[in-house]
Amino acid sequence: MNEITDAERRVWARLPAGAAAAIGGLSGSDLQVLMMGIARERAHRVRPAQVLRRWRQDRLVRPAAADPRAVAALEARLWAMLPADVDGVFLSPVVPLGTCTSVAPQSPNRIVTTTRPVEVLSDPTNALAVEAADRRSRQGAGGEVHLAATHQILRAQHFGPGRGSHFRLFSLVSSARDTGSGRTEARLLARHLAFWRQILPEVGGTVVHTVFDDPVLRERLAGMLPEDPGRQRGRGYYTGAALLMTAGGGLERGGAAGAPHGGNDAAERGGGAVELGDGGFTTWTAQLLGDAKERCLVSCLSTERMAALLAG
């Protein structure tokens, strides 16, 4: 998806004819050299007063409003609750360029890029899926991978007044080979549900699911958790089924703006419910491994929002 904005057209129009073709024809290493040179020259012109002004005004760099002690305490509890066969992953702040957009229908405009061929991590489940695919490539067909990470992610889009651009997510990713009739999906889902249900009741939280056009999976998941059959958000991003975690009040559709995965994408929903996170089945490890039989379940929770609710 190549999105050319009006702002980009305006900038290209100010450059000499052929500039776009010349820059586009550069090799990856030469483009990196060019971008690093431009960044170096601009950095040398910055004065201390400008840094302070940007610190006050730029939503990408402002500190988060959450209490770090409360968030750290919650995350320590979540780590302690994990089953022994779930591997913790200390993710890098950056991932290869295109990590999100190569496997998921996301706009690159929500991602903070760099002068090198990497991008700032905007979704830990994407990075964990890459790690899961790498590990699965060294396993037999009967193997499976279960990973967890907590990470402060940064997104470029504007979430609205009072909401920051970076926030913490505690994320789970599981990957295994399909065994037919929705059995693998049900087993992976049961694992994630068992984990989240240890902490959600403390804030009156619940998990519901939505099955997207898969009657076999709907039958397999029947009775495992409540269903919200009318949900449309996440269709195309998730395949098969999606999850939604909320706290307080009943679930009503609508009210939560933004892309999938809770955090500051989350909002208060109808009925007084607060969205804490979401998840679902994806094709990410299948795409990364070139194997349509690979199944991948991701889920995540906003630890900042959860910690605030626990604090009362």
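Please read these numbers as outputs of a predicted model, since none were measured by experiment.
A salt bridge between R168 and E75 is present, with a side-chain N of the basic residue lying under 4.0 Å from a carboxylate O of the acidic one. Note on R235 versus D213: salt bridge recorded, some NZ/NE/NH1/NH2 to OD/OE distance being below 4.0 Å. Taking a cutoff of 4.0 Å between a charged side-chain nitrogen and a carboxylate oxygen, R233 and D228 do not qualify as a salt bridge.
Within the structure, the ring pair (Phe, Tyr, Trp, His ring centres under 6.0 Å) test picks out the following pairs touching residues 59-105 (sequence neighbours left out): W79-F170.
Checking Q32 against T115 by side-chain atom types alone, no donor-acceptor pair falls below 3.5 Å.
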Going by atom type alone, with no hydrogens or angles, which donor-acceptor pairs under 3.5 Å involve a side-chain atom of residues 183-195 and a protein atom two or more places apart or on another chain?
unit_1 : atom_1 : unit_2 : atom_2 : d
R183   : NH2    : T179   : O      : 2.5
T184   : OG1    : R177   : O      : 3.1
T184   : OG1    : T179   : N      : 3.0
T184   : OG1    : T179   : OG1    : 3.0
E185   : OE2    : R295   : NE     : 3.0
R187   : NH1    : E144   : OE1    : 2.7
R187   : NH1    : E144   : OE2    : 3.2
R187   : NH2    : E144   : OE1    : 3.4
R191   : NE     : H146   : ND1    : 3.4
R191   : NH1    : D85    : OD2    : 3.0
R191   : NH2    : D85    : OD1    : 2.9
R191   : NH2    : D85    : OD2    : 3.3
H192   : ND1    : S299   : OG     : 2.8
H192   : NE2    : S174   : OG     : 3.0

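When atom types are taken as modelled, the side chain of S302 and the backbone of R305 share a donor-acceptor pair closer than 3.5 angstrom. Using modelled atom types, no side-chain atom of R77 and backbone atom of A73 make a donor-acceptor pair closer than 3.5 Å. Distance alone, capped at 3.5 Å, places no donor-acceptor pair between the T283 side chain and the Q287 backbone. Checking side-chain atoms of Q50 against main-chain N and O of R47 turns up a donor-acceptor pair under 3.5 Å. Between the S102 side chain and the G98 main chain, a donor and an acceptor come within less than 3.5 Å of each other.
When side chains are defined from C-beta on, L172 counts as touching W196, because their heavy atoms get closer than 4.5 Å. By the 4.5 Å heavy-atom criterion applied to side chains, H209 and R231 are not counted as neighbours. Annotation: side chain of L121 is not in contact with side chain of L154 (no heavy-atom distance under 4.5 Å). In this structure the side chain of V94 never reaches within 4.5 angstrom of the side chain of E119, judged on heavy atoms. A heavy-atom distance below 4.5 Å is found between the side chains of Q152 and E304. Residues L244 and E275 have side chains in contact (heavy-atom distance under 4.5 Å, counting atoms from C-beta outward). You'll find the side chain of T246 stays beyond 4.5 Å of the side chain of L276, heavy atoms only. Side-chain contact between R135 and L147: present, with at least one pair of heavy atoms (C-beta onward) separated by less than 4.5 Å.
The two residues S107 and T101 come nearest to each other via the heavy atoms C-CG2, 4.2 Å. The two residues A307 and L74 come nearest to each other via the heavy atoms N-CD2, 3.7 Å. Of all heavy-atom pairs spanning R155 and Q157, the tightest one is CB-OE1, 3.2 Å. Between P124 and L91, the shortest heavy-atom contact is CB-CD1, 3.8 Å. Summarising the geometry of D123 relative to C100, their closest heavy-atom pair is CB-SG, 4.3 Å, with the distance given to 0.1 Å. Closest of all the heavy-atom pairs between L243 and D278 is O-CB, 3.0 Å.
With rounding to the nearest 0.5 angstrom, the OG atom of S137 is 11.5 Å from the CG atom of D291. One finds the NE2 atom of H151 at 10.0 Å from the CG atom of L128 (value rounded to the nearest 0.5 Å). Atom-to-atom distance recorded for M35:CE and L31:CG is 6.5 Å, nearest 0.5 angstrom.
One hydrophobic cluster holds both L310 and M245 under the rule that ILVMFWY side chains link at heavy-atom gaps under 4.5 Å. Hydrophobic clustering (ILVMFWY, side-chain heavy atoms < 4.5 Å, transitive): L301 and L225 are in one cluster. Put simply, L309 and L78 are part of the same group of oily side chains (I, L, V, M, F, W, Y) that touch within less than 4.5 Å, one to the next. Following chains of ILVMFWY side-chain contacts shorter than 4.5 Å, one cannot reach V103 starting from I111, and the two form parts of different hydrophobic clusters. Note: the hydrophobic cluster containing L60 does not contain I153 (ILVMFWY, side chain heavy atoms under 4.5 Å, direct or indirect links).
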Exercise for the section: Please assess W12 against I23 for the test side-chain contact (heavy atoms from CB on, under 4.5 Å), listing each intermediate value before the final yes or no. Expected result: CA-CA 11 Å; W12 285 119; I23 294 174; 4.0 Å; yes
* Show your reasoning for whether side-chain contact (heavy atoms from CB on, under 4.5 Å) applies to E227 and V208. => CA-CA 5 Å; E227 183 176 4; V208 298; over 6 Å; no
Handout entry: Intermediate values then yes/no, side-chain hydrogen bond (donor to acceptor under 3.5 Å, both in side chains), R136 and Q139
Key = CA-CA 5 Å; R136 286 286 294 127; Q139 292 181 335; 2.9 Å; yes
>> Pair L200, V207 - check side-chain contact (heavy atoms from CB on, under 4.5 Å), show working.
In response: CA-CA 8 Å; L200 286 172; V207 187; 3.3 Å; yes
Next item on the list: Would you please test W284 and N126 for side-chain contact (heavy atoms from CB on, under 4.5 Å) and show each step?
Entry: CA-CA 8 Å; W284 300 344; N126 287 119; 3.5 Å; yes
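Residue-environment remark: CZ (R62) exceeds the threshold of 12 foreign heavy atoms within 6.0 Å. Annotation for E219: atom CD does not count as buried by contact number, only 12 or fewer foreign heavy atoms lying within 6.0 Å.
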